[in-house]
Amino acid sequence: MNQDIQIYNTLTRKKEPFQPLNPPHVGMYVCGPTVYSDVHLGNCRTFISFDLIFRYLKYSGYRVRYVRNITDAGHLEGDRDEGDDKFAKRAKLEQLEPMEIVQKYTLGFHDVMRMFNTLPPSIEPTATGHIIEQIEMVKKILENGFAYEVDGTIYFDVEKYSQTHNYTVLTNRNLEDMLANTRELSGQDDKRGRLDFALWIKAKPETLMQWASPWGPGFPGWHIECSAMSAKYLGQEFDIHGGGLDLAATHHTNEVAQSEACNHHQPAKYWMHTNMLTVNGTRMSKSAGNGFLPGELFTGSHPLLKKGYSPMTVRFFMLQAHYRSTLDFSNEALDASEKGFKRLMNAMSLLPKITASATGEISIGEIRKKCENAMNDDFNSPVAIAELFEAVRIINTLYDGGLKITADELQKLTELMQYFIYDIFGLKDEDNSNTAFNEVLDMVIALRREAKENKDYATSDQIRIGLQEIGIQLKDSKDGTTWSKS
RNA sequence: GGUCGAGUGGCCGAGUGGCUAGGCUCAGCUCUGCAAAAGCUGCUACAGCGGUUCGAAUCCGCUCUCGACCUCCA
C-alpha cells in the first residue's frame with residue numbers, strides 16, 4: 001500500500017498526504033454525466049482523469065470503491081427551479097419517452113468510455129433508482145430546520161445554513177457579495193433567498209417523470225441525488241469526492257451544505273476537481289457550440305478538425321497535461337500526441353525483441369522511482385510520461401545494439417513499461433490487426449526481400465510505396481523488415 | 001461588477017529559489033540501395049516594469065492580457 005501519495009484538496013487549497021479513513025479501503029465518488037444528450041470531449045476529460053486516479057490508487061494497493069452516478073432525472077434547464085426538466089425537453093424534441101432518452105444516452109456514454117479504455121466504476125447508481133433515499137434525506141434536512149416548503153416544493157435555506165456553517169468552503173467566495181449581487185436579480189419564484197436551491201420540486205400535471213412524496217407528487221432536485229447516493233454506498237463520510245471544476249461553485253457547494261445539514265459533517269475528506277478542456281482558449285461546452293463529440297473526433301467529421309484521431313491518441317493527449325490544468329485543444333497538439341503515442345507504442349513492440357547480455361550498463365530502478373514520485377505528487381502524469389520517454393530512448397538504443405542490459409534489468413524495464421503504460425495510463429496498442437492480415441503482409445514483405453536480394457529495387461520500392469499509400473509503413477533494419485500503420 | 005486562477009521557446013505542455021522537463025516541429029549529421037525508423041547535435045523561453053536575494057520562470061508589488069466561476073454545463 002503506497003503511503004506517499006499527495007492529493008490537492010480543494011477544501012484546503014493545498015496538497016495533502018493521502019490518508020484514507022479506513023485503509024486499505026478507499027471510497028471515491030465522482031459526479032457522472034447527465035444523460036440527456038451525447039457526452040462531449042470535455043466531459044470525457046474528467047472521466048479519463050478520474051480513471052487515471054482510480055487506476056493509480058488501485059495499483060498502489062488500495063481497495064477502491066469507485067462510485068460514479070448517472071443523472072437521469074431532476075436536472076433542470078435553469079436555476080429558477082421551474083420550467084422543463086432536461087430529459088422532458090429532450091424527449092419532446094426527439095419524440096421519445098424520457099426513459100428512452102436516458103437509455104439511449106447512457107448506452108452512448110458507456111460506448112465512449114469503453115473506447116477510451118476507462119475501467120468501469122464499482123457502482124454506477126442512477127438518480128431514479130434512489131428516489132426513496134433522496135426523499136429521506138430531504139425529510140431529515142427539513143427536520144433539522146435547514147429547509148422549508150412552499151406549495152409542494154422544498155427549498156434549502158442557504159441564509160439560515162450560513163449562520164452556523166461556511167456555505168462557500170469550496171470556493172472561498174464572500175457570501176455577502178454573492179447575496180448583494182444576486183438579490184436584485186430576484187425573479188418571481190417562491191424562494192425566500194436568492195441562493196436557496198430546490199431539494200424537491202413539485203410536479204406539474206403534465207410532468208412525465210414524477211414520484212409520490214410526503215409533499216405531493218414531484219421529483220428530486222439535481223444536487224440531492226449525489227448526496228443521497230454517495231452516502232448510501234460510501235457512507236456519510238468517505239475519502240474522495242471528485243468532478244469537473246465547473247461543478248465546484250454550485251453543485252458541490254450544495255452537496256456539502258446538504259450533507260452538513262443532514263448528517264452534521266462534511267461528506268468527503270478530499271475534494272478533487274479536474275480542469276476544463278478548452279478550444280482556442282475558451283472552455284468547451286455544448287452551449288458555446290465548440291463541443292466535439294467523441295465520434296466526430298475519431299472520424300474527423302467536425303469542421304474544426306482536419307483529420308480524425310484515435311481514442312488512444314486522445315487519451316494520451318489528455319494524460320500529457322496535468323488534470324488540474326486547462327488543456328487547449330488543437331489539431332497541432334493532437335498531431336504531436338499522435339506521433340508521441342506512436343513512438344511510445346513502437347518502443348513497446350521492440351521490447352520483446354531485445355536480447356539480454358551477461359553484463360549490463362543500465363539500471364532501471366531510478367526511472368521507476370521517478371515515475372512513481374511523479375504519480376505520487378498529485379497524479380502528475382505528464383512528468384511520469386516524460387520519464388517514460390527516457391526509457392523509450394534506452395529501449396531504442398538497446399534495440400540498435402548501442403547498449404547492453406542484463407536479463408534481470410530487462411525484466412524490470414519490461415515491467416516498468418507495461419505497468420505504467422497499460423495499467424496506470426490505460427493505453428493500449430491499436431494496431432490489433434487480425435492474423436490473416438498479418439500473414440498476408442508477412443508474405444508481401446518476404447517477396448520484397450527477395451526482390452531486394454536480387455537488387456531489383458524497382459520492385460521493392462513499388463511494394464514499399466504501394467503499402468505506404470494504403471497506410472502501411474515498412475521499416476528496414478539489419479534484422480529484417482517491420483511495419484507499422486502510418 | 002465580485003471571486004478565483006493563468007500568462008513558459010514555432011506548437012502542446014511540466015516545473016515554486018541555484019541542477020536537462022518531455023512530446024511535436026525545424027536544421028544538420030550518423031546508419032541505410034532509397035525511404036522510414038532510430039541515434040547524435042543544434043535552434044528559439046519563462047507577458048512587462050520594479051523589488052527581495054549571493055542567486056528568481058519560481059517569492060513580493062504594480063501594470064497589461066486572458067480565462068473560469070458568480071446562470072445549465074465535466
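A note on names: the letters A, B, ... follow the listed sequences, proteins ahead of strands, and every chain is numbered from 1.
Base pairing analysis places B:C11 opposite B:G23; the two distances defining the Watson-Crick or G-U wobble pair are each below 3.5 Å. Of the nucleotides present, none pairs with B:G33 by Watson-Crick or G-U wobble criteria with both distances under 3.5 Å. With both pairing distances under 3.5 Å, B:C54 is matched to B:G18 as a Watson-Crick or G-U wobble pair. Base-pair partner of B:A68: B:U3 (Watson-Crick or G-U wobble, both distances under 3.5 Å). Here B:C49 sits opposite B:G61 as a Watson-Crick or G-U wobble pair (both hydrogen-bonding atom distances under 3.5 Å).
Residues A:Gln134 and A:Pro220 share a closest heavy-atom pair of OE1-CB, 3.1 Å.
Spacing between B:C60 and B:C43 at atom C1', rounded to whole Å, works out to 34 Å. For the P atoms, the distance linking B:C59 with B:U8 amounts to 15 Å, nearest Å. The same atom, C1', is picked in B:A45 and in B:U3; the two are 31 Å apart, to the nearest Å. The same atom, C1', is picked in B:G9 and in B:G51; the two are 27 Å apart, to the nearest Å. If you take atom C1' in B:C72 and the same atom in B:G1, they sit 22 Å apart, rounded to whole Å. Using P as the reference atom, B:G23 and B:U65 are 36 Å apart when rounded to the nearest Å. A gap of 31 Å separates the P atoms of B:G7 and B:G39, to the nearest Å. On the C1' atoms, B:G10 is 7 Å away from B:U25, given to the nearest whole Å.
Rounded to an integer number of Å, the gap from NZ of A:Lys339 to C1' of B:U25 is 8 Å. Counting to the nearest Å, the P atom of B:G13 and the CG atom of A:Asp335 are 14 Å from each other. Counting to the nearest Å, the P atom of B:U3 and the CG atom of A:Leu195 are 16 Å from each other. When rounded to the nearest whole Å, the span between CG of A:Asn43 and C1' of B:A74 equals 5 Å. The NZ atom of A:Lys475 sits 17 Å away from the C1' atom of B:C34 (whole-angstrom rounding). As rounded to whole Å, 19 Å separates atom P of B:C12 from atom CG of A:Leu319. Rounded to an integer number of Å, the gap from CG of A:Leu245 to P of B:A74 is 13 Å. Summarising the geometry, the separation between CZ on A:Phe341 and C1' on B:G22 is reported as 17 Å, rounded to the nearest angstrom.
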Below 3.5 Å between N/O atoms, which protein atoms pair up with nucleotides 38-41 of chain B? Just atom names and distances, please.
from: B:A38; atom 1: O3'; to: A:Asn396; atom 2: ND2; distance (Å): 3.0
from: B:A38; atom 1: O2'; to: A:Asp400; atom 2: OD2; distance (Å): 2.6
from: B:G39; atom 1: OP1; to: A:Asn396; atom 2: ND2; distance (Å): 3.2
from: B:G39; atom 1: OP2; to: A:Arg343; atom 2: NH1; distance (Å): 3.1
from: B:C40; atom 1: OP2; to: A:Arg393; atom 2: NE; distance (Å): 3.4

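Residues A:Phe109 and A:Phe47 place their aromatic rings such that the two centres sit under 6.0 Å apart. Taking the six-membered ring wherever Trp is involved, the centroid distance between the rings of A:Tyr8 and A:His322 does not fall below 6.0 Å. The aromatic ring centres of A:Phe116 and A:Phe298 sit less than 6.0 Å apart.
Among the nucleotides B:A68, B:A36, B:A74, the one closest to any side-chain atom of A:Arg45 is B:A74. Here the nucleotide nearest the side chain of A:Thr282, chosen from B:A35, B:A36, B:A68, is B:A68. With B:C12, B:G33, B:G13 as the candidates, the nucleotide lying closest to the side chain of A:Phe317 is B:C12. Checking B:C4, B:A68, B:G33 against the side-chain heavy atoms of A:Arg13 singles out B:C4 as nearest.
The aromatic rings of A:Tyr161 and A:Tyr167 lie perpendicular to each other, with more than 60° between the two planes, well past the 30° mark. Between A:Phe420 and A:Phe425, the ring planes are tilted. Angles from 30° to 60° get that label. Note on ring orientation: taking the six-membered ring where Trp is involved, the planes of A:Phe292 and A:Phe329 are tilted (angle from 30° to 60°). Using cut-offs of 30° and 60° on the angle between ring planes, the pair A:Trp271 and A:His241 is parallel. Classified by interplanar angle (parallel below 30°, tilted 30° to 60°, perpendicular above 60°), the ring pair A:Phe54/A:Tyr66 is tilted.
Within the 4.0 angstrom heavy-atom criterion, only backbone atoms of the sugar-phosphate kind lie near A:Leu327; the bases stay farther away. Nucleic acid contact for A:Gly402: none, since no nucleic acid atom lies under 4.0 Å from a heavy atom of the residue. Contact annotation for A:Ala336: base contact, defined as any heavy-atom pair under 4.0 Å involving a base atom. At a threshold of 4.0 angstrom between heavy atoms, the contacts of A:Leu474 include nucleobase atoms, whether or not backbone atoms are also involved. If you check every strand for non-hydrogen atoms under 4.0 Å, A:Ser460 touches a base. At a threshold of 4.0 angstrom between heavy atoms, the contacts of A:Tyr457 include nucleobase atoms, whether or not backbone atoms are also involved. Counting any heavy atom pair closer than 4.0 Å across all strands shown, A:Glu390 reaches sugar-phosphate atoms only and no base atom.
Two residues, A:Asn380 and A:Thr34, neighbour RNA chain B, and the one matched to the more 5' nucleotide by heavy-atom proximity is A:Asn380. Taking for each of A:Ser337 and A:Lys452 the nucleotide of RNA chain B with the nearest heavy atom, the 5'-most of the two is the partner of A:Ser337.
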Would you sort out whether A:Thr168 and A:Asn166 count as a side chain to side chain donor-acceptor pair (under 3.5 Å), showing the intermediate values? CA-CA 6 Å; A:Thr168 56; A:Asn166 179 8; 3.3 Å; yes
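Cation-pi geometry between A:Arg65 and A:Phe238 is not satisfied (NZ or CZ under 6.0 Å from the ring centre, within 45° of the ring normal).
Within the structure, every side-chain polar atom (N or O) of A:Lys86 is placed at least 4.0 Å from both OP1 and OP2 of B:C72. Contact between the side-chain N/O atoms of A:Ser325 and the OP1/OP2 oxygens of B:A14 is found at a separation under 4.0 Å.
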For residues 341-356 of chain A, which side-chain donor-acceptor pairs fall under 3.5 Å, sequence neighbours excluded?
from: A:Asn346; atom 1: OD1; to: A:Lys475; atom 2: NZ; distance (Å): 3.3
from: A:Ser349; atom 1: OG; to: A:Asn346; atom 2: O; distance (Å): 2.7

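In this structure, A:Lys339 does not pair ionically with A:Asp335, as no charged nitrogen and carboxylate oxygen lie closer than 4.0 Å.
RNA chain B is contacted by A:Ala249, A:Thr250 of residues 249-259 of chain A, taking any non-hydrogen atom closer than 4.0 Å.
In terms of polar N and O atoms assigned as donor or acceptor, the side chain of A:Asp328 never comes within less than 3.5 Å of the base of B:G13 in a complementary pairing.
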